[in-house]
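Per chain, numbering begins at 1; letters A, B, ... match sequence-line order. None of the values given here were measured: they were computed from a predicted structure. Worth knowing before you read on, the calculation uses all heavy atoms, side chains too, and leaves out hydrogens, waters and symmetry mates.
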There are 2 protein chains.
Amino acid sequence: MTLSEEDYIKAIYHLGKGENTTVSTNAVAEQMETKPSSVTDMVKKLSDKGVANYKPYKGVSLTEYGKKIALSLVRKHRLWEVFLVEKLNFSWDEVHEVAEQLEHIKSEKLIDQLDKHLGFPQVDPHGDPIPSKKGEFKKTIKKLLNEVPVGTSGICVGVKDSSPPFLKFLDKNKIALGDTILVHDKEEFDGSFDIKIKESTIHISNQIATNLYLKITE
Amino acid sequence: MTLSEEDYIKAIYHLGKGENTTVSTNAVAEQMETKPSSVTDMVKKLSDKGVANYKPYKGVSLTEYGKKIALSLVRKHRLWEVFLVEKLNFSWDEVHEVAEQLEHIKSEKLIDQLDKHLGFPQVDPHGDPIPSKKGEFKKTIKKLLNEVPVGTSGICVGVKDSSPPFLKFLDKNKIALGDTILVHDKEEFDGSFDIKIKESTIHISNQIATNLYLKITE
DNA sequence: ACAAATATTTAGATTTGTCTAAATATTATT
DNA sequence: AATAATATTTAGACAAATCTAAATATTTGT
């Protein structure tokens, strides 16, 4: 597969939300920041190669073979993201662009060994699951911290309230996007929580808990 | 720079042995495994871009700017090779192809952090020097083990005698290409040596010493 | 159901990097 | 120094991936 073909495969995969959903030419064009006519050309080629199913005017979906390629790209992308954050001190929001390049490197041994080097991580720095070599992975969902059962751990992926005071609070308490948070205990009386974050346990009010999104594995 | 342009720059650099030597169209074509006419086209373009000096029928050399790009590619290539060997258990002879791909990844932060992650290595697994960010590096030369002064350390890069008995000897004594060897002591009487390899010191005869090539920093 | 709006495809052009074959320049030989 | 051998360039073609503009199909609104 060429670089460009791989990018189209990933776009179709993501637009189809990981299912073998049919997506429109225009949707792919928008995602790829290209023109619909270019998409038509490319999906014809992908179809000829057995990677996609294309029906003129009806849209395009990935074949099983195409899905496998997409999953392998997602796996590579997310493993590299973990590498960049864990080993090279990249932050949460700096990894995407570089991972977009690294995901195209072709070497099975490289990815197997990288996986091992990183300790076989299950999720990337954004909390998204990393497919196994065979293409299997766990689904994840986004929930407010106060909605997850005690004992669950997840990755902090967003805030509901993005006002300066709240963001300042998070900063002061060293809570950042990408951090792994374990919901340790809940106080029924006032709905406050004990959470473990980076080896230390802190106490947060219910109001804080209802404004923090976690990504958790179901 | 595109992938292809970068490959040509590296080829011109290597054929010119790192100096701003003028190299012939045919030489570049052979190195790149392409046709001379393709080289002509490309060096014209590189010339237009200020990367190379091209005089029809006279050959091509890199400009200072082109040399900078070449050194940055060499730096990236060799750092990735160290990474593959040190962190991902690749062996000496498996790294080249993957590093050829990785060297094209564009991210200054990535390379700076990789350098740091690896402990700022000075040479790659083949004993070749890694240029600094500014493009400076130490020259290295290949010498037979018996020709280097006591106290020198270098990387084992080849054998003069490649007969099965000799290779078997190396194997038995756990001496492999890519290993760092310190010449610890020399016995004047019979020209034998004590060498340190991977934390253990062993004794080798003069005959062995005259058949092992080391790459050392001058 | 029909016209208007939107989506998609086709046709033809463009850029990049490559190739082959022919033309031209350089170098080597006698 | 003239010719033969070799090296290099030019001209023209091709494939991949893209684009614009025009043509065609589908969907939507009344």
Visitor: Could you check whether A:R78 pairs with A:E103 (Lys NZ or Arg NE/NH1/NH2 to Asp/Glu carboxylate O, under 4.0 Å)?
Guide: no
Visitor: Quickly work out the A:K49 NZ to D:dA16 C1' distance and round it to whole Å.
Guide: 10 Å
Visitor: Side chain of B:Y8 only, heavy atoms from C-beta on: which candidate in D:dT18, C:dT18, C:dT8 is closest?
Guide: C:dT18
Visitor: Can you tell me the distance, in whole Å, between the CE atom of B:M32 and the C1' atom of C:dC19?
Guide: 14 Å
Visitor: Measure from CD on B:E5 to C1' on C:dT18 and round the result to the nearest Å.
Guide: 14 Å
Visitor: Restricting to non-hydrogen atoms, name the atom on A:F83 and the atom on A:L118 that form the minimum distance, rounded to 0.1 Å.
Guide: CA-CD2, 3.7 Å
Visitor: Which one, D:dT18, C:dT20, D:dC19, comes nearest to the side chain of A:K35?
Guide: D:dC19
Visitor: Using only heavy-atom distances, determine whether the side chains of B:H126 and B:E81 contain a donor-acceptor pair under 3.5 Å.
Guide: yes
Visitor: Describe the nucleic acid contact of B:P56 in one word from base, sugar-phosphate, nothing, applying a heavy-atom distance below 4.0 Å.
Guide: sugar-phosphate
Visitor: Could you give the CG-to-P distance, from B:L3 to D:dA16, as a whole number of Å?
Guide: 17 Å
Visitor: Between A:K58 and B:N26, who's closer to the 5' end of DNA chain D by nearest nucleotide?
Guide: B:N26
Visitor: In whole Å, what is the span from the CE atom of A:M42 to the C1' atom of C:dT8?
Guide: 17 Å
Visitor: On a heavy-atom basis, which atom in B:I12 and which in B:L46 lie closest, and how many Å separate them?
Guide: CD1-CD1, 4.3 Å
Visitor: Could you give the CG-to-P distance, from A:D41 to C:dG12, as a whole number of Å?
Guide: 14 Å
Visitor: How close or far is atom C1' of C:dA7 from atom CD of A:E30, stated in whole angstroms?
Guide: 13 Å
Visitor: B:S38 side chain N/O closer than 4.0 Å to the phosphate oxygens (OP1, OP2) of C:dT18?
Guide: no
Visitor: If you only use heavy atoms from C-beta on, which nucleotide in C:dT8, C:dA21, D:dC19 is closest to the side chain of A:Y57?
Guide: C:dT8
Visitor: For A:S4 and D:dT18, is the shortest distance between a side-chain N/O and OP1 or OP2 below 4.0 Å?
Guide: yes
Visitor: Can you find a donor-acceptor N/O pair under 3.5 angstrom joining the side chain of A:S37 to the base of D:dT20?
Guide: yes
Visitor: Taking atom types as modelled and ignoring hydrogens, do the side chains of B:S24 and B:N26 form a donor-acceptor contact shorter than 3.5 angstrom?
Guide: no
Visitor: Please confirm whether the shortest side-chain N or O distance from A:T34 to OP1 or OP2 of D:dC19 is below 4.0 Å.
Guide: yes
